[in-house]
Amino acid sequence: MQEIDKLPKAYDPSSVEEGIFKAWEDNGYFDPDKLPERNLKGEPYCIVFPPPNRTGNMHLGHAKTVAIEDILIRFHRMLGRKTYWVPGTDHAAISTQVKVEQILIKQGMKHPRVELGREKFLEKVREFAQGSRDNIVSQCKAMGGSMDWKREKYTLDTERNKAVNTVFKLMYEDGLIERGNRVVNWDPQFKTTLSDDEVLYKEVEATFITFTYDKDFPIAISTTRPETKFGDTAVAVHPDDERYRQYVGKTYTANFCGKEIKIKVIADHEVDPEFGTGALGVTPAHSMIDFEMALRHDLPLVQVIDQDAHMTVEAGADFAGLTTVEAREKIEKLLTENGCLIKSEKIKQNLPIAERGGAPVESIPMLQWWVRVNKKFKLRQNTLGKWKKGEEATLKELMRHAVDSGQTRMLPDNFEKIYFHWIDNLRDWCISRQIWFGHQVPVWYKGEDMKIGNDFPGEGWERDPDTLDTWFSSGMWTFSTLGWPDAASIDAAGNVVKSGELGEYHPTSVLETGRDIIFMWVARMILMTTYALGEVPFKDTYLHGLILDEQGRKMSKSLGNSIEPLEMIPKYGTDAVRLSLVMGSSPGMDQKLSEEKIKDFRNFTNKLWNISRFILMQIENNPTQPPLTVRGGEEGSQSLTLADRWILERLAEVQGRVTKLIQDYQFSQAGELLRDFTWSDLADWYLEIAKVEKGKEAILRHVLETIIKLWHPFMPFVTEYIWGLMGNKDLIVAEWPSAVIPVEAGIQSASEFETVRTLITDVRRLRAEQGVEPAKFVDVCLVGADDHSLVRESEMIIKQLARLSDLKSVETVPEGWATAVSGTMTLGIDVAGTVDKEKEKAKAEKEIAELKPYIESTRAKLANQDFISKAPEKVVQSMKDKLAEAEAKLKALE
RNA sequence: GGACGUUUAGCUCAGUUGGUUAGAGCGUUCGAUUCACAUUCGAAAGGUCGCAGGUUCGAAUCCUGCAACGUCCACCA
């Protein structure tokens, strides 16, 4: 043991954290296969770490993920389970590529991709991604994350590529992946398609015009985007709309701003007759809705906007080459001149923009790869306990059943509704992207021929230049990291046979991530996993909220309101940062965070440090104390005072409840409970008593060891450090305290101690408020005090009381007094002589005024037969007790 | 337009299947201070639990309606 006196008065995290982390790592405790024997035999517990994007640094969201998952991992490790926390990073395709492009442009390049070419450009991206990866790893370590980076995975490494190509091929063979010419979300800035989830909407003011294509066209339509109208091939009206019934089925040729267009009038239920003129110009090439309508009515596609957001030749010679905005202005002018413009108004419109970059997203038709979510396919294996091999289902049905059946549980559970709602609205998923950084589509073309696979098939074959949506690969994360596809096969009965890590850890125990990526990632993982393995990827889904600044805004670089975890750690210590991210937040709820809050938890860390320092000093001063093997009341046992019993009972209660709360993912409540016990019960009460009642070293040690264990998942560094100072080793793999108190039967109810606490509080208050010096104690006794040991204890407590309240004289009970006066007595103090009568009276009157209505209403209630007959016994009894208490108090006051 | 949340002390938030005088931390005010810790200790003040109904012996908690705020989805052409 170190020399306790020489330990600093304030805990200094920066001097110890690195060394502690290194020791854990060197001892292999992050590696599931190097854990102690009891863990190796324990039930596997697995979490895949949501791989941070390789786009720079970790932010608070990641830090929160690390904090929460590390609590879970450390907790289960201490429980004796075989814990595997799978670490990794995400290539984040478009985000990373865009980031690198921006950097290169800043460095002076005009068109980095054109100037460098695919391979050289990718080289730059990889270099950047590697740097980001190194940052992320060291930041996860700084946060105390106990994952084994030797087992690191990457969404873009060889093994993950194999998984991606395998799923792609299987899905293609099952008809779930197809290449099709459909309307896509097109980002003209980065020249790539986007999935529906990568499109955001911004409210802008737009000009909404009502017009006819030309003078002779019989139906007026409305739009905010007249430039797309060159691509109109139909006008749609509601089938029941009397106004237009006569036109339905007819085809017109119109001259729209100098370009001849053919318009068929169709009837479709999708049209809202109340909106605008009740007639809709159908532009199949530049609207998802119109595209679907065109499929139903077999309408032709005319593309008038190209991939640079310029007008094509289809828009006529006068318009070809103009930007959409230029074309729009020109058309408005022409329509006005021609007298075709009927109305022009300003409306609020939701403009689709790209999640990255923010450029307006165009809808244009393109030949792309799609995952079909509504297509029935033949299952390759028994799935989710519902479908047998060979039966048919859709991906949507699989996704729904995974959660519906409870095989994956969502926390908080209202996210299940959100999830189902999303599934119901889900459309086919466009998975190909025109960017370079990512998994290249594993398809080769030679004329009309096509081959699926990663390897070059030979002379004349050319590979699809596109890459896959980053979520296509991250959707496989739970099983691609555990050895799939090699570790799985399907037996004759249609069951999936898993081996190796896949067999041991899949389905994983819990997925913990930010609630903002439930669709992007959580849902995609369920899709991929139920398809590929016929089982769910994880049993529980815990979604945490976003971290906001003090004013409730999202933290962002541009607002300059973000708190960097890496700046906070050296300032306040990792433990404080972790606590601030976990405490005061409940599942799924957003959380406001300020530096002030982190500071408060630094103070608590220091409190725990000083509690430990004090206890260590006690132990050091009296090292020969026997260990705590107390059997209350037994021969030769160490006698327990009331305070001892009280603290041990509280401790037992706390450890039981904390365990339950962590199991229920109620981390904040677990932490609050522990903090309350540590600060109020232990530091403010028990340690004060221990200063006068000597010989408590065994109990102090036991209590400290227990709370250090309970705190370890939350604050791993300070606890491990204290653990070491106590002469122990490797708290990280210590056994989680069981809820059984080491002191067996014989502990009588410690509620007497509560009486003593109340008394001490009263004395303090009297002194503080009125300057009263209680003259002496009289009538000392404890409820049911009919044995000598309790009398002795009460004497100890009185001494403590005297010390705490600086009493001038103390009269202790004479030996045998309590037993002589049998029965129930009260513990009280005599303050006669020094009381300020007026103040005392006013106070008493106030209290009486509060008590009286309570007593009255309670009496009335207890007199009510209806209440008595229907309320549970327990409630009635507790009311009676409280009433009696209040009545006694009232009597005393009067 | 649809869905999902939130509304509790000055601020940030707990409140576990409805249980009887509603809790914590911070802040405020007052007081303490050699004795583990000023990154400390004690005490006080502060709430008709968003509003209106309903169910119940009993409601912050369940139901209905309303309001404010927030998030997500759809995209109105």
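The chains referred to below are lettered A, B, ... by the order of the sequence lines, with proteins before strands, and numbering in each begins at 1. Every heavy atom of this structure was used, including side-chain atoms; hydrogens, water molecules and symmetry mates were not.
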Sorted by chain and residue number, the side-chain hydrogen bond (donor to acceptor under 3.5 Å, both in side chains) partners of A/Asp881 (sequence neighbours excluded) come out as A/Gln877
Taking A/Asp549 for its side chain and A/Ser594 for its backbone only, find out whether a donor-acceptor pair lies under 3.5 Å. no
Review point. B/G42 and B/C37: how far apart are their P atoms, nearest whole angstrom?
Key: 15 Å
note: A/Ile598, atom CD1; B/C26, atom C1'; distance rounded to Å ~ 15 Å
Rounded to whole Å, the CD-C1' distance (A/Glu653 to B/U16) equals 15 Å
RNA chain B in dot-bracket form (Watson-Crick or G-U pairs under 3.5 Å, [ ] crossing, | inter-strand) is (((((((..((((.....[...)))).(((((.......))))).....(((((..]....))))))))))))....
Donor-acceptor pair, A/Ser680 side chain versus A/Phe677 backbone, under 3.5 Å? no
Per atom distances to the A/Asp600 side chain, the nearest of B/U39, B/G25, B/U21 is B/G25
| With a 3.5 Å cut-off and just heavy-atom distances, do the side chain of A/Lys9 and the base of B/C37 make a donor-acceptor pair? | no
Under a 4.0 Å heavy-atom cutoff, the residues of residues 264-274 of chain A touching RNA chain B are A/Asp272
* Asked: Does any N or O in the side chain of A/Arg701 come within less than 3.5 Å of the main-chain N or O of A/Met726, such that one atom is a donor and the other an acceptor?
  -> yes
Of the listed B/C4, B/C26, B/C41, the closest approach to the A/Asp684 side chain comes from B/C41
note: A/Gln669, atom CD; B/G23, atom P; distance rounded to Å ~ 16 Å
When rounded to whole Å, the CZ to P distance for the pair A/Phe614 and B/C35 reads 12 Å
Review point. Just by modelled atom types, is the A/Asp866 backbone N or O under 3.5 Å from a matching donor or acceptor in the A/Asn864 side chain?
Key: yes
Q.
Could you tell me how far B/A9 sits from B/U48 if I compare only their P atoms? Round to whole Å.
A. 9 Å
Atom CD of A/Glu416 and atom P of B/G5 are separated, to the nearest Å, by 12 Å
Does a side-chain N or O from A/Trp679 land closer than 4.0 Å to OP1 or OP2 of B/C41, or not?
yes
Whether each nucleotide of nucleotides 69-75 of chain B has a protein heavy atom under 4.0 Å at its base (B), only at its sugar-phosphate (S) or at neither (-) is summarised, 5' to 3', as --SSSBB
task: Please measure how far the P atom in B/A43 lies from the corresponding atom in B/C57, and state the result in whole Å.
output: 41 Å
- Query: Short question: side chain of A/Lys64, backbone of A/Ile547 - any donor-acceptor pair under 3.5 Å?
  - Reply: no
Practice item. Please measure how far the P atom in B/G54 lies from the corresponding atom in B/U71, and state the result in whole Å. Key: 35 Å
5'-most contact on RNA chain B (nearest-nucleotide basis), A/Ser586 vs A/Ala683, goes to A/Ser586
**OP:** Please work out if A/Thr224 contacts a base, only the sugar-phosphate, or nothing of the nucleic acid, heavy-atom cut-off 4.0 Å.
**Re:** sugar-phosphate
- Message: Can you check the distance between B/G18 and B/C49, where both ends of the measurement are the C1' atom (answer in whole Å)?
- Response: 15 Å
Item to complete: Kindly say whether A/Met399 contributes a backbone atom to a donor-acceptor pair with the side chain of A/Tyr419 at under 3.5 angstrom?
Response: yes
Ranking B/A36, B/U21, B/U16 by distance to the side chain of A/Ala886, first place goes to B/U21
Residue pairs meeting side chain to side chain donor-acceptor pair (under 3.5 Å), one or both in residues 597-612 of chain A, sequence neighbours left out, come to A/Asn610-A/Arg613
request  = Is it possible for you to check whether A/Arg650 lies under 6.0 Å from the centre of the six-membered ring of A/Trp685, through NZ or CZ, and within 45° of that ring's axis?
outcome  = no
Under 3.5 Å: donor-acceptor pair, side chain of A/Asp197, backbone of A/Met520 | no
Is the ring pair A/Trp711/A/Phe604 parallel, tilted or perpendicular, if the boundaries are 30 and 60 degrees?
tilted
For this session: Please state the C1' separation for the pair B/A59 and B/U64 - nearest whole angstrom.
Result: 15 Å
Requested in this report: Verify salt bridge (charged side-chain N to carboxylate O under 4.0 Å, His left out) between A/Arg296 and A/Glu292, making sure each step is shown before the conclusion.
Outcome: CA-CA 7 Å; A/Arg296 286 198 290 274; A/Glu292 280 161 21; 5.1 Å; no
Between CZ of A/Arg613 and P of B/U39 the distance, given in whole Å, is 14 Å
**Asked** Counting only side-chain N and O atoms of A/Lys597, is one of them less than 4.0 Å from OP1 or OP2 of B/C11?
**Response** no
Base, sugar-phosphate, or nothing: which does A/Gln349 touch, judged by heavy atoms less than 4.0 Å apart?
sugar-phosphate
Inter-nucleotide P distance (B/A52, B/U61), Å rounded
13 Å
Would you mind classifying the nucleic acid contact of A/Gly276 as base, sugar-phosphate or nothing, using non-hydrogen atoms under 4.0 angstrom?
nothing
Give every pair of a protein N or O atom and an N or O atom of nucleotides 54-58 of chain B that lie under 3.5 Å apart, one pair per line with the distance.
residue	atom	partner	partner atom	Å
B/C57	OP1	A/Lys870	NZ	2.3

### Query
When you measure from the side chain of A/Thr212 to the backbone N and O of A/Ala220, does any donor-acceptor pair fall under 3.5 Å?
no
query = Can any side-chain N or O of A/Arg578 pair as donor or acceptor with the backbone N or O of A/Phe714 at less than 3.5 Å?
reply = yes
Within the 4.0 Å heavy-atom criterion, would you say A/Lys607 contacts the bases, only the backbone, or no part of the nucleic acid?
base
Per atom distances to the A/Asn610 side chain, the nearest of B/A77, B/A36, B/U21 is B/A36
Whole-Å distance, A/Glu672 CD to B/U12 C1', equals 11 Å
Considering only heavy side-chain atoms of A/Ala10, the closest of B/U39, B/U40, B/A77 is B/U39
Separation between the C1' atoms of B/C73 and B/C62, rounded to whole Å: 29 Å
From CZ of A/Phe667 across to C1' of B/C13 the rounded distance in Å is 18 Å
One should read off an interatomic distance between A/Asp413 CG and A/Thr541 OG1, to the nearest 0.5 angstrom, of 12.0 Å
Do the side chain of A/Ser287 and the main chain of A/Asp290 share a donor and acceptor less than 3.5 angstrom apart?
yes
Under 6.0 Å from the CD atom of A/Glu856, do we count more than 12 heavy atoms belonging to anything else shown?
-> no
